[in-house]
Participant: 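Have a look at this one before I ask anything.
These numbers come from a predicted model, not from an experiment. The analysis underlying the following values was restricted to heavy atoms, covering all of them including side chains, and did not include hydrogens, waters or symmetry mates.
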Amino acid sequence: GVLETVHAGDDIYILGSPKEWGDKFGGYMIDWEKRRLKTRAKCWILTDADAPSWNFDWWLKSKKQGLTVTKRASFKAPSYLIITKRSVVTIHAGEHPLALLVYHEGIAKRHREFFLELWKRA
């Protein structure tokens, strides 16, 4: 998976966090974030407008340490994206969740550029 390819000092960009996805898969998201923090990769998260906030001690600590940076967008993303230096995961959280993982540095670069532009505007 994605976390096996990131290291300390790497950046991960997440676009979107559908409220309904958190309702259905919140436990998995929490587990994924805890595993991500062990890699020491920094995560930039641009959440959906209606995404719930987390107040867990470990989460707040990751923000204080600079390992997690969040902003709330004024829109809902069309899907949940996880972008790294080498890959992009697109997750659709409908009735039957679907995930597509693409390992391609060129595609990942374009997605990072897109994410960073959205980040500036949020």
Side-chain angles (χ1 to χ4, degrees):
V2 171
L3 291 179
E4 287 78 26
T5 66
V6 297
H7 306 26
D10 284 354
D11 289 318
I12 299 173
Y13 304 97
I14 295 179
L15 175 61
S17 52
K19 181 183 182 311
E20 60 275 5
W21 208 75
D23 293 343
K24 290 181 183 179
F25 307 106
Y28 178 79
M29 292 171 63
I30 290 168
D31 177 67
W32 191 90
E33 282 296 341
K34 286 181 176 181
R35 289 184 289 126
R36 190 264 306 169
L37 288 169
K38 288 179 184 177
T39 71
R40 306 294 296 168
K42 185 173 184 174
C43 195
W44 305 80
I45 306 171
L46 188 53
T47 69
D48 282 357
D50 65 349
S53 297
W54 286 354
N55 291 314
F56 305 113
D57 289 339
W58 59 269
W59 182 250
L60 299 174
K61 181 180 175 184
S62 76
K63 288 181 158 191
K64 286 180 186 174
Q65 293 174 333
L67 290 174
T68 304
V69 182
T70 61
K71 276 189 182 183
R72 188 170 297 275
S74 59
F75 56 83
K76 286 183 78 169
S79 59
Y80 184 76
L81 297 174
I82 303 171
I83 307 159
T84 71
K85 186 179 193 180
R86 298 168 201 85
S87 65
V88 177
V89 181
T90 304
I91 302 170
H92 176 68
E95 185 179 337
H96 302 285
L98 174 67
L100 175 64
L101 170 59
V102 176
Y103 285 106
H104 188 284
E105 288 187 22
I107 292 171
K109 180 179 185 244
R110 292 293 301 267
H111 276 75
R112 276 193 316 277
E113 291 167 352
F114 177 71
F115 176 92
L116 293 171
E117 186 60 36
L118 289 174
W119 184 268
K120 283 192 254 181
R121 295 178 186 203

Participant: Do the charged groups of Lys85 and Asp10 touch, with an N to O distance under 4.0 Å?
Facilitator: no
Participant: In the structure I gave you, are the side-chain heavy atoms of Trp54 and Met29 within less than 4.5 Å of one another anywhere?
Facilitator: yes
Participant: Given Arg112, which partner from the list Ile83, Val88, Ile107, Asp11 fulfils the side chain to side chain contact (heavy atoms under 4.5 Å, CB included) test?
Facilitator: Ile83
Participant: Which heavy atom in Ala77 sits nearest to a heavy atom in Gly16, and how many Å separate them?
Facilitator: CB-CA, 3.7 Å
Participant: Tyr28, Leu3: one ILVMFWY side-chain cluster at the under-4.5 Å cut-off?
Facilitator: yes
Participant: Under the side-chain contact (heavy atoms from CB on, under 4.5 Å) rule, what do Arg40 and Gln65 come out as? Steps first, then yes or no, please.
Facilitator: CA-CA 10 Å; Arg40 306 294 296 168; Gln65 293 174 333; 3.9 Å; yes
Participant: Under 4.5 Å between side-chain heavy atoms, hopping through other hydrophobics if needed: is there a path connecting Ile12 to Leu116?
Facilitator: no
Participant: Side chains of residues 67-75: which donor-acceptor pairs under 3.5 Å do they make with residues two or more places apart or in other chains?
Facilitator:
from: Thr68; atom 1: OG1; to: Arg36; atom 2: NH2; distance (Å): 2.7
from: Thr68; atom 1: OG1; to: Ser62; atom 2: OG; distance (Å): 2.8
from: Thr70; atom 1: OG1; to: Lys63; atom 2: NZ; distance (Å): 3.0
from: Lys71; atom 1: NZ; to: Trp119; atom 2: O; distance (Å): 2.8
from: Arg72; atom 1: NH1; to: Asp48; atom 2: O; distance (Å): 3.4
from: Arg72; atom 1: NH1; to: Ala49; atom 2: O; distance (Å): 3.2
from: Arg72; atom 1: NH1; to: Ala51; atom 2: O; distance (Å): 2.6
from: Arg72; atom 1: NH2; to: Ala51; atom 2: O; distance (Å): 3.1
from: Arg72; atom 1: NH2; to: Ser53; atom 2: OG; distance (Å): 3.1

Participant: Determine, using the 4.5 Å side-chain heavy-atom cutoff (strictly less than), whether Leu37 and Tyr13 are members of one ILVMFWY cluster.
Facilitator: no
Participant: Is the closest side-chain heavy-atom distance between Glu33 and Trp58 below 4.5 Å?
Facilitator: yes
Participant: Using 0.5 Å steps for rounding, measure from the CZ atom of Arg121 to the CG atom of Leu46.
Facilitator: 12.0 Å
Participant: Does any N or O in the side chain of Arg86 come within less than 3.5 Å of the main-chain N or O of Thr5, such that one atom is a donor and the other an acceptor?
Facilitator: yes
Participant: Examine distances only and state if a side-chain atom of Glu117 and a backbone atom of Phe114 form a donor-acceptor pair shorter than 3.5 Å.
Facilitator: no
Participant: If Ile, Leu, Val, Met, Phe, Trp and Tyr residues are connected whenever their side-chain heavy atoms lie under 4.5 Å apart, and connections chain through other members, are Val2 and Leu81 in the same group?
Facilitator: no
Participant: Between Phe115 and Ile14, which heavy-atom pair has the shortest distance, and what is it?
Facilitator: CE1-O, 3.2 Å
Participant: Would you call Lys109 and Glu105 a salt bridge, taking side-chain N to carboxylate O under 4.0 Å as the test?
Facilitator: no
Participant: Whether Lys61 and Asp57 form a salt bridge (side-chain N of Lys/Arg under 4.0 Å from carboxylate O of Asp/Glu) is what I want to check.
Facilitator: no
Participant: If you round to the nearest 0.5 Å, how far is OG1 of Thr47 from CG of Leu15?
Facilitator: 9.5 Å
Participant: Could you pull out all residues at least two apart from Tyr103 that satisfy ring pair (Phe, Tyr, Trp, His ring centres under 6.0 Å)?
Facilitator: none
Participant: Same cluster or not: Ile82 versus Trp44, using hydrophobic residues (I, L, V, M, F, W, Y) connected whenever any side-chain heavy atoms lie under 4.5 Å apart?
Facilitator: no
